[in-house]
Each structure stands twice: as C-alpha cells, then as structure tokens.
Asks: 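Questions regarding the structure given below will be posed in turn.
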Protein chains: 2
Amino acid sequence: MTRVLVVDDEPQILRGLRTNLVARGYVVDTAPDGEAALDLAARRHPDVVIVDLGLPGIDGVEVIRGLRTWTAVPIIVLSAREQEAEKVDALDAGADDYVTKPFGMGELLARVRASERRAIATDDEEAVVRTAAFTVDLAAKKVIGADETAVRLTPTEWHLVEILVRHPGKLVSQRQLLQEVWGPRYEEETNYLRVYMAQIRRKLEPEPARPRYFITEPGMGYRFEPSG
Amino acid sequence: MTRVLVVDDEPQILRGLRTNLVARGYVVDTAPDGEAALDLAARRHPDVVIVDLGLPGIDGVEVIRGLRTWTAVPIIVLSAREQEAEKVDALDAGADDYVTKPFGMGELLARVRASERRAIATDDEEAVVRTAAFTVDLAAKKVIGADETAVRLTPTEWHLVEILVRHPGKLVSQRQLLQEVWGPRYEEETNYLRVYMAQIRRKLEPEPARPRYFITEPGMGYRFEPSG
DNA sequence: TAGCCTCTTGACGCGATCTTGACGTCGCCA
DNA sequence: TGGCGACGTCAAGATCGCGTCAAGAGGCTA
C-alpha cells in the first residue's frame, strides 16, 4: 500500500488526481495549502508527495524545505510556470522531480512509479515503537514479541495495529478504523473490529483478557497506549 | 568528484553539455551511441547518466534497460519528443527523470544536482551479505553456496534476490517486487512471484520446503531474514 | 538446425484467513 | 432488579493466497 499526499489549491485538480491515484490502488491524502500539507505529512508519513508550487499562504518551495528538514520522502512538483529559475529553486530546495502543467496523467503516474522505485532503495526510516511486551517495526512491517521471536500478524491484523500504533495515545474511532481497513461501506460492521481486536490482543497482550496496550473506549473506538 | 556520462548523437549538444558540466567541476565522459554508452558505463561507473532517446543503433530506452540490469545509477533522459507514451516508457524502463528539449542548462544542472543528492543517501551499502547457508555479493552479482561453490541464478532470480537482500529484515510488498522486476503492468501477476520464489528457495534454502531466509508474509509480500 | 536454458502460463490441492452468526458478559440506567 | 446496549468470545463455512508441478514458447549458443 502506497500512500500519496497531494497538495494543490485547485479543488478540481485535487479531485482529478485523487480519482486517478485511487484507481491505481494508492491511498491518497489531500491538502489545499502548505500548512495542511506539512501537518498531514507529519501525521500520515506519505510515501510520495505531489505538490503544486502556486499555493496560498506558505509557498510551495517553502513546503519542500519544510519537508526536507525531517524526511527524504520523494517530492514531485507540479507547476504552471515554465520559468527556469522556478524549476531550479524547487529542485535545489529538495524536490525530486518537476512536471509542468498541463501534464498527462500517464506521465505523472509514471513519475510516481519512478519515485516509488527509488524509495524502495532509500527508505530506511527509523520507525520502531517499543513497549515492555512487544516491539513494532513500522518500516519492516514486523512485530517482535517479549521473547524476541517474531509475531505473525495477518494483513488485516497488521493494518489495524499500524493505524493504532502510528497514533500513540490517541483515540481512533471505530468508523475511522473500519473505513481505513475495510473501506467506506463497512463503517457499521463494528463486529469486525471486535473479532480482530481480540485476535490482536491474543497475540500481543500479556493478558489478553486485561488489555494494557490496546484499550477499548466503549462506544467510541480504540486507543494504543505505548506505556502500557 | 562526480562523474557524468552523456549519451547523445548530436556532436554540438555533446560539446555544449560537456563544456557546461566541466565548468561546474564534473568529470565528463561522452558517448555517441548506445553501444559506446553501455561500454563506457561499465568501465567508468559514472555517478549520473544523461541519455538522449533518439540514438542510432540501440534505442535510448534499451540503453536504460541495459544499465538497469546491473546498476542503480541515476538516469536523466533528454528528448525532443513530447509524446506521453515515450516518457512513460522511458520512466518505466528505469529512468529517474525526463527533460524535454529544448531545455535550459540551469534546469538540467539542477536536475543533475537532485540526482546526486538522492544517490548520496543510498550509497552506504554493504556489498556482501553473509548467512549461514550462502553469501550474496551484490557488487560482483554472485552467490556462493554453503559448499563454497557458486550458485547459478537466472537474471530474474538474481533481480529478486538483490531487491530482497538489499533490504534485510524489511518486508517488500508483492507490488514493489513485481513493479521493479517485471514492470508496472505486471502488478497483479503474483503467480510469477510464487514460481520464482520457489526456484530461489530451491537453490538457496537448506530446506526449500521450510524457508528460513526468504520468508513469505501471506497477503503482503516477502522478506529476507539474514540471521535465518 | 538442434539442444538447452529461461520465462510464461495454467491448473491443482492445501492451509491460512476472512466473514458471519450466535452466545455470554459486563456496565449502565430506569 | 430487569432490560438494554456494547463488547468479547467462539466456531464453522467460504474464500483467498501460496507452493507446486508441468507444459509450451521463445531465445541463445554450439
């Protein structure tokens, strides 16, 4: 699953890109301005960022600089401007690629693929969350139990754990979890969550009957408590 | 010192690029056609390759494919052609960037800098990976078995092994593997992976039926575990 | 041209995973 | 105290994904 963050102030472009990317199996976040982009990037850790240069508020180049202070995520720049100085500025600020509007969707998708391909080679972010009972390695998609042996999680189990662990201490609503893992049409199937949270607890909690890390907030959702 | 290989059949473009690059402190090799390019790349190991698509003899896209069989060097494509299909083909063949002629020298230099920047991040790799059962030499593209004899891998097998071994412990998704080895149009052909992983295990695993090094994560992908 | 190697493609069986429904438990509130 | 809603547990059938085998196509080499 590849997560793409699209930053553009024109709603129709945002919509078009989202539609095309989702159709290709990407998970898409969108932001209409620089502030939202930096915020979303920090929270969702996208695998690729597509950013328009002409943004209200923070300039696109500033967004690139902001991202580059803490992440090496591939950045593809969109721009209506042909001026060479613009391109040089964006690339030197840390962008990986530069596409001039109007652009073909096929080309953009190919450039996204090229970015992904490179990212496999470079991606070594330290994304490890430790508790007394287990260790979650988000980059390697691996969970190590208390006895140092790997814990096998199924894709669905892993997906849930990943969402919860990426938001330590925060309450994640049932709807959010269902929508993210099973899709928007499953928002009512709360029994799925019950079944899978039980399985996750059986595999990770020291006392599955008395959860310390994966806490139920009745009527609301679930929460991952790193300190147990 | 950064070494750049420029491939173009027009002498004046070659001259222009060489002059500009040398002025910026790059060391420049030039090749007028695909054969010379592949030969020079093998002998000089450039840090960046700039290649024109419209070459006599071997096509530019073929040059990219040829390079990609053994090196991850950044490749920047130059082309007079605007057609989107051209761009998509070149990028999917393994190019990192695509610039349409006429282009500004400042832009090209900025793109070269962007490529260099990325390459630095990836450069710190261990060229030899050892396990109890076999040794993979990434630089020499060779695998030595437990009995000290060389193991023959086909190109496709090697490609898969290389990707997995370069990311020890990390889960590599089926999509990433398929896209990298067979191209973006094969993202659904998971049976290719099944066939080739079986062959790789037959050649490398002590007990092919009980893989210790090349682990399947059902529904997600594969993982190379160096410690077995 | 013949032979070999590699890649592609389809089919099959098995085990793991997902889905689904039923039931028990707990806490809250009338 | 009884009822209700929400959660946890369990089990069983359906489905999916993986490993395996084998046959055929294509290309390279001798």
Side-chain angles (χ1 to χ4, degrees), chain A residues 1 25 141 143 150-162 164 171-175 177-178 180-183 185-223, chain B residues 62 65-66 69 141 143 150-162 164 171-183 185-223:
Chain A
M1 180 207 68
K141 291 204 190 307
V143 181
V151 179
R152 288 191 52 76
L153 295 185
T154 72
T156 309
E157 288 163 7
W158 170 261
H159 206 158
L160 280 171
V161 168
E162 180 171 17
L164 290 167
L171 170 69
V172 185
S173 74
Q174 300 180 344
R175 290 188 51 181
L177 290 168
L178 286 164
E180 180 94 10
V181 176
W182 282 273
R185 286 184 302 178
Y186 292 77
E187 282 183 2
E188 319 266 287
E189 305 283 345
T190 57
N191 51 330
Y192 286 15
L193 287 179
R194 293 206 292 277
V195 170
Y196 276 93
M197 289 310 299
Q199 283 173 1
I200 289 168
R201 284 168 176 156
R202 251 200 302 282
K203 292 185 180 182
L204 298 182
E205 291 276 2
E207 292 178 275
R210 282 184 233 292
R212 295 172 54 192
Y213 300 101
F214 295 96
I215 313 295
T216 303
E217 299 285 358
M220 319 260 306
Y222 293 86
R223 191 156 45 85
Chain B
E62 286 310 314
R65 290 214 181 84
T69 59
K141 298 218 163 296
V143 181
V151 179
R152 262 192 73 69
L153 294 186
T154 71
T156 308
E157 289 164 6
W158 169 261
H159 206 160
L160 279 172
V161 168
E162 179 172 17
L164 289 168
L171 173 70
V172 184
S173 74
Q174 302 178 347
R175 276 188 52 191
Q176 284 175 334
L177 290 169
L178 287 164
Q179 189 176 113
E180 181 90 5
V181 177
W182 283 273
R185 270 173 262 152
Y186 292 77
E187 281 183 3
E188 322 260 286
E189 304 285 344
T190 57
N191 51 328
Y192 287 16
L193 287 179
R194 295 207 292 278
V195 171
Y196 275 93
M197 289 310 299
Q199 283 171 2
I200 289 168
R201 283 169 178 156
R202 253 198 301 282
K203 293 185 180 181
L204 299 182
E205 291 275 0
E207 292 178 274
R210 284 172 207 285
R212 294 172 53 195
Y213 301 101
F214 295 96
I215 312 295
T216 302
E217 297 287 357
M220 304 205 282
Y222 292 86
R223 182 199 309 280

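Letters go in sequence order (proteins before strands), and every chain restarts at 1.
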Asks: Which whole-number value in Å describes the distance from B/L160 CG to D/dG19 P?
Replies: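 Result: 13 Å.
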Asks: Can you find a side chain N or O atom of A/T154 that sits less than 4.0 Å from OP1 or OP2 on C/dA16?
Replies: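 No, outside the criterion.
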Asks: Would you say B/E188 has more than 12 foreign heavy atoms packed within less than 6.0 Å of its CD?
Replies: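 Check fails, neighbour count at 12 or below.
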Asks: Between C/dT9 atom C1' and B/E188 atom CD, what is the distance in whole Å?
Replies: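 These atoms are roughly 16 Å apart.
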Asks: Donor-acceptor pair, distance only, cut-off 3.5 Å: does the side chain of B/E205 make one with the backbone of B/Y213?
Replies: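 Checking the backbone N and O of B/Y213 against the side chain of B/E205, a donor-acceptor pair under 3.5 Å is found.
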Asks: Separation of B/Y186 atom OH from C/dC7 atom P, in whole Å?
Replies: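 So the two atoms are 13 Å apart, to the nearest Å.
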Asks: Measuring centre to centre across the rings, with the benzene-like ring taken for any Trp, is A/W182 within less than 6.0 Å of A/Y196?
Replies: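 Aromatic pair counts; centres sit under 6.0 Å.
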Asks: Whether the B/R201 and B/T216 side chains hold a donor-acceptor pair (N or O, under 3.5 Å, no angle test) is what I'd like checked.
Replies: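 The criterion, which ignores hydrogens and geometry beyond distance, is satisfied for B/T216 and B/R201.
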Asks: The side chain of B/N191 lies closest to which of these nucleotides: C/dT9, C/dT6, C/dT17?
Replies: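 Nearest to the side-chain atoms of B/N191, counting from C-beta on, is C/dT9.
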Asks: Across the strands shown, which category fits A/Q174 at heavy-atom distances under 4.0 angstrom: base, sugar-phosphate, nothing?
Replies: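 Sugar-phosphate, no base atom in range.
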Asks: Do any N or O atoms from the side chain of B/Q176 and from the backbone of B/S173 form a donor-acceptor pair under 3.5 angstrom?
Replies: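 Such a contact is found between B/Q176 side chain and B/S173 backbone.
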Asks: Compare the minimum distances between each of C/dT19, C/dC7, C/dC5 and the side chain of B/R152, then state the nucleotide with the smallest one.
Replies: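 Comparing C/dT19, C/dC7, C/dC5 against the side chain of B/R152, the answer is C/dC5.
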Asks: Hey, which of B/L177, B/L164, B/I215 is the one that makes side-chain contact (heavy atoms from CB on, under 4.5 Å) with B/M197?
Replies: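 It is B/L164, the one option of B/L177, B/L164, B/I215 that forms the side-chain contact (heavy atoms from CB on, under 4.5 Å) with B/M197.
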Asks: Does the side-chain contact (heavy atoms from CB on, under 4.5 Å) test come out yes or no for A/K141 and B/E217, once each step is laid out?
Replies: CA-CA 10 Å; A/K141 291 204 190 307; B/E217 297 287 357; over 6 Å; no
Asks: Reading DNA chain D from 5' onward, which residue's closest nucleotide shows up sooner: A/Y222 or B/A198?
Replies: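 With A/Y222 and B/A198 compared, the 5'-side residue is A/Y222.
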Asks: Would you tell me if any nitrogen or oxygen in the side chain of B/W182 comes within less than 4.0 Å of OP1 or OP2 on C/dT8?
Replies: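 Yes.
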Asks: With the sugar-phosphate defined as primed atoms, P, OP1 and OP2, and the base as all remaining atoms, what B/S/- string results for nucleotides 22-30 of chain D, 5' to 3', for protein heavy atoms under 4.0 Å?
Replies: ---------
Asks: So what does A/T190 hit on the nucleic acid, given a heavy-atom distance under 4.0 Å: a base, only sugar-phosphate, or nothing?
Replies: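 If one applies the 4.0 Å heavy-atom cut-off, A/T190 turns out to touch nothing in the nucleic acid.
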Asks: What is the distance, to the nearest angstrom, from the CG atom on B/L193 to the P atom on D/dC18?
Replies: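 For the pair B/L193 CG and D/dC18 P, the rounded distance is 9 Å.
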Asks: Which residues in residues 205-215 of chain B have a heavy atom closer than 4.0 Å to any atom of DNA chain C?
Replies: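 DNA chain C contact set from residues 205-215 of chain B: none.
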Asks: If you only use heavy atoms from C-beta on, which nucleotide in C/dT17, C/dC7, C/dT8 is closest to the side chain of B/Y192?
Replies: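 Closest nucleotide to the B/Y192 side chain: C/dT8.
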Asks: Between B/R201 (CZ) and D/dC21 (C1'), how many Å, whole number?
Replies: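 To the nearest whole Å, that distance equals 16 Å.
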Asks: Regarding A/K203 and A/E157, does a basic nitrogen lie under 4.0 Å from an acidic carboxylate oxygen?
Replies: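 A/E157 and A/K203: salt-bridged.
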Asks: If you assign A/L153 and B/L153 each to the DNA chain C nucleotide with the nearest heavy atom, which residue ends up on the more 5' nucleotide?
Replies: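 With A/L153 and B/L153 compared, the 5'-side residue is B/L153.
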Asks: Between atom CG in B/L178 and atom P in C/dC7, what is the gap in whole Å?
Replies: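 Rounding to the nearest Å, CG of B/L178 and P of C/dC7 are 15 Å apart.
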Asks: Between C/dT6 and B/T156, is there an OP1 or OP2 to side-chain N/O distance shorter than 4.0 Å?
Replies: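 Result: no.
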Asks: Given D/dG19, is OP1 or OP2 found less than 4.0 Å from the side-chain N or O atoms of B/T216?
Replies: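 For D/dG19, OP1 or OP2 has a side-chain N or O of B/T216 closer than 4.0 Å.
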Asks: Rounded to whole angstroms, how far apart are NZ on B/K203 and P on C/dC5?
Replies: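 Answer to the nearest Å: 11 Å.
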Asks: Could you work out which one of D/dT20, C/dC18, C/dC7 sits closest to the side chain of B/R194?
Replies: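 Comparing D/dT20, C/dC18, C/dC7 against the side chain of B/R194, the answer is D/dT20.
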Asks: Is the shortest heavy-atom distance from the side chain of B/L193 to the side chain of B/L160 under 4.5 Å?
Replies: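 Side chain of B/L193 against side chain of B/L160, heavy atoms only: contact under 4.5 Å found.
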Asks: Do A/V143 and A/W158 make a side-chain contact, defined as non-hydrogen atoms from C-beta onward lying under 4.5 Å apart?
Replies: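 The answer is yes, as the side chains (C-beta and beyond) meet within the 4.5 Å cut-off.
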Asks: Find the distance A/E217:CD to D/dC7:P and express it as a whole number of Å.
Replies: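 Checked: the CD to P distance equals 11 Å.
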